There are 2 protein chains.
Amino acid sequence: MKRSSTVRRSGCPISIALELVGDPWSLLIVRDLMFKGVHTFDGFLTAGEGIATNVLSDRLARLERGGIVDRRPDPEDGRRVRYRLTKKGIGLAPMLVEMVLWSAEHEATDAPEGTVREMRQSRRRVLDRIRRAWRQA
Amino acid sequence: MKRSSTVRRSGCPISIALELVGDPWSLLIVRDLMFKGVHTFDGFLTAGEGIATNVLSDRLARLERGGIVDRRPDPEDGRRVRYRLTKKGIGLAPMLVEMVLWSAEHEATDAPEGTVREMRQSRRRVLDRIRRAWRQA
DNA sequence: CAGGATCCGTTTCGATACTG
DNA sequence: CAGTATCGAAACGGATCCTG
């Protein structure tokens, strides 16, 4: 596998950010940040699907290097670190929403619940809410 | 990493089909099928980014098991195998389009070309064309 | 105690090459 | 157009250690 962050086909600019989207853990982290308001190391550890600490460290560093998340000390508790999606990171929302919709339609076994239904009915509204929650977080 | 094809958070149906979307090679194959009309083993081998034969075999089998592609003997040359996206597979188009758009905006270094510009201006038209091309292929 | 880094045994991946 | 075999590289999980 090439190590470049994007792959480009000659004559056809169909490039995909595989560095991000090709990695399950990174996607789970972004998803937790975007949909669940999880923003601490421990939050990812417990809310996630059992990611190991070293893997989490590594992915957070990658995402930070890629400009998708940033880290700052928690304003209310200087010892804590707060991870946030950057503007570039929040730009992934449409993609994530499509991923969730496709998964709900084709893979998930139990009936879709409120969030998914609303996504299906009005992507725009869901995206607006995600962006709003992000701005004031 | 869990081996299940979808991951679900309790109380929040934000599940993502990581089995597919967490794997770079699978994404490249789907992309080639969707945007480039590549549909043979050798096509993926040469048009792709240097995938190994065993990996390609493995991913095609996975995608087939996942119901995303199917394989049939080429009508004009029975020895050849033709891979096609299934309906479920073509359902990934919106997600792929968002991936391409995000990548073009944030990752790709050279100026976006026609396809990307058209995607940005009218996702609908691009998606319609993809689906039409798929139906008559 | 939160946020990581490091070491280590194990599993998975992938490049190459060979087979039908 | 694939399946298989090998074998080194990388990723992973788990535990442990470190630092404020």
Side-chain angles (χ1 to χ4, degrees), chain A residues 1-5 7 18-29 32-33 36-66 68-85, chain B residues 1-5 7 16 18-30 32-33 36-66 68-85:
Chain A
M1 192 65 206
K2 283 236 279 297
R3 284 274 128 249
S4 63
S5 70
V7 175
L18 294 177
E19 201 84 349
L20 165 78
V21 100
D23 180 65
W25 296 123
S26 303
L27 282 171
L28 289 177
I29 292 170
D32 285 346
L33 280 164
K36 289 288 285 181
V38 174
H39 45 248
T40 64
F41 193 89
D42 190 56
F44 298 120
L45 270 186
T46 60
E49 326 298 327
I51 188 171
T53 62
N54 56 347
V55 177
L56 178 55
S57 263
D58 177 74
R59 294 311 193 274
L60 286 171
R62 271 199 220 179
L63 289 170
E64 194 185 358
R65 274 200 308 275
I68 291 167
V69 310
D70 61 9
R71 62 212 260 87
R72 347 184 337 181
D74 189 313
E76 293 162 11
D77 179 355
R79 300 172 312 177
R80 280 179 167 272
V81 176
R82 230 181 120 75
Y83 294 90
R84 282 193 52 186
L85 288 169
Chain B
M1 193 66 208
K2 286 237 278 297
R3 284 276 127 250
S4 64
S5 71
V7 175
I16 296 179
L18 294 177
E19 202 84 349
L20 163 78
V21 102
D23 180 65
W25 296 123
S26 302
L27 282 171
L28 290 176
I29 292 170
V30 171
D32 285 345
L33 280 163
K36 292 287 288 183
V38 174
H39 45 250
T40 63
F41 192 90
D42 192 56
F44 299 120
L45 228 42
T46 60
E49 326 298 326
I51 189 171
T53 61
N54 59 341
V55 178
L56 179 55
S57 263
D58 176 74
R59 296 311 193 274
L60 285 171
R62 272 199 220 179
L63 289 170
E64 194 185 358
R65 274 200 309 275
I68 290 166
V69 309
D70 61 8
R71 61 214 259 87
R72 343 183 340 180
D74 189 314
E76 292 163 11
D77 178 357
R79 299 168 310 174
R80 277 180 169 266
V81 176
R82 230 181 121 74
Y83 294 90
R84 281 192 53 185
L85 288 168

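What you see is a predicted model, and the numbers here were worked out from it, not measured in a lab. Basis for what follows: all heavy atoms, side chains included, without hydrogens, waters or symmetry-related copies. Labels below follow one simple rule: chain letters A, B, ... track the order of the sequence lines, proteins then strands, and each chain is numbered from 1.
To the nearest 0.5 Å, the span separating CG on Leu20(B) from CD1 on Ile68(B) amounts to 4.5 Å. With rounding to the nearest 0.5 angstrom, the CG atom of Asp77(B) is 4.5 Å from the CZ atom of Arg79(B). Note that the CZ atom of Phe44(A) and the CG atom of Asp32(A) stand 6.5 Å from one another [nearest 0.5 Å].
Rounded to whole Å, atom P of dA10(D) lies 14 Å from atom CG of Asp58(A). Computed from coordinates, the Phe41(A) CZ to dC18(D) P distance equals 18 Å when rounded to whole Å. Straight-line distance from the CG atom of Leu18(A) to the P atom of dG14(C): 12 Å, rounded to whole Å. Rounded to whole angstrom, the span from the CD atom of Glu19(A) across to the P atom of dA10(D) amounts to 14 Å. Rounded to a whole Å, the CD1 atom of Ile29(B) is 11 Å from the P atom of dG14(C). Rounded to whole Å, atom P of dT12(C) lies 13 Å from atom CZ of Arg59(B). The interatomic distance linking Asp74(B) (CG) with dA2(D) (C1') rounds to 15 Å, in whole Å. The nearest whole Å value for the distance from the CG atom in Asp42(A) to the P atom in dC1(C) is 11 Å.
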Exercise for the section: Would you please test Val38(B) and Leu33(B) for side-chain contact (heavy atoms from CB on, under 4.5 Å) and show each step? Expected result: CA-CA 5 Å; Val38(B) 174; Leu33(B) 280 163; 5.9 Å; no
Problem - From CA spacing to verdict: side-chain contact (heavy atoms from CB on, under 4.5 Å), Leu27(B), Val21(A) - result: CA-CA 9 Å; Leu27(B) 282 171; Val21(A) 100; 3.3 Å; yes
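At the heavy-atom level, Phe44(B) lies nowhere under 4.0 Å from the strands shown. Counting non-hydrogen atoms under 4.0 angstrom, Arg62(B) reaches the backbone sugars and phosphates but no base. Within 4.0 Å of Ser57(A), counting heavy atoms only, lie sugar-phosphate atoms of the nucleic acid but no base atom.
Among the nucleotides dA15(D), dC13(C), dG13(D), the one closest to the side chain of Ala52(A) is dG13(D).
Close to dC13(C), at under 4.0 Å from its OP1 or OP2, lies no side-chain N or O of Trp25(B).
For dG14(D), its base sits under 3.5 Å from the side chain of Asn54(A) at one donor and acceptor pair at least.
Comparing Thr53(B) and Arg71(A) by the nucleotide of DNA chain C whose heavy atom lies nearest to each, the residue mapping closer to the 5' end is Arg71(A).
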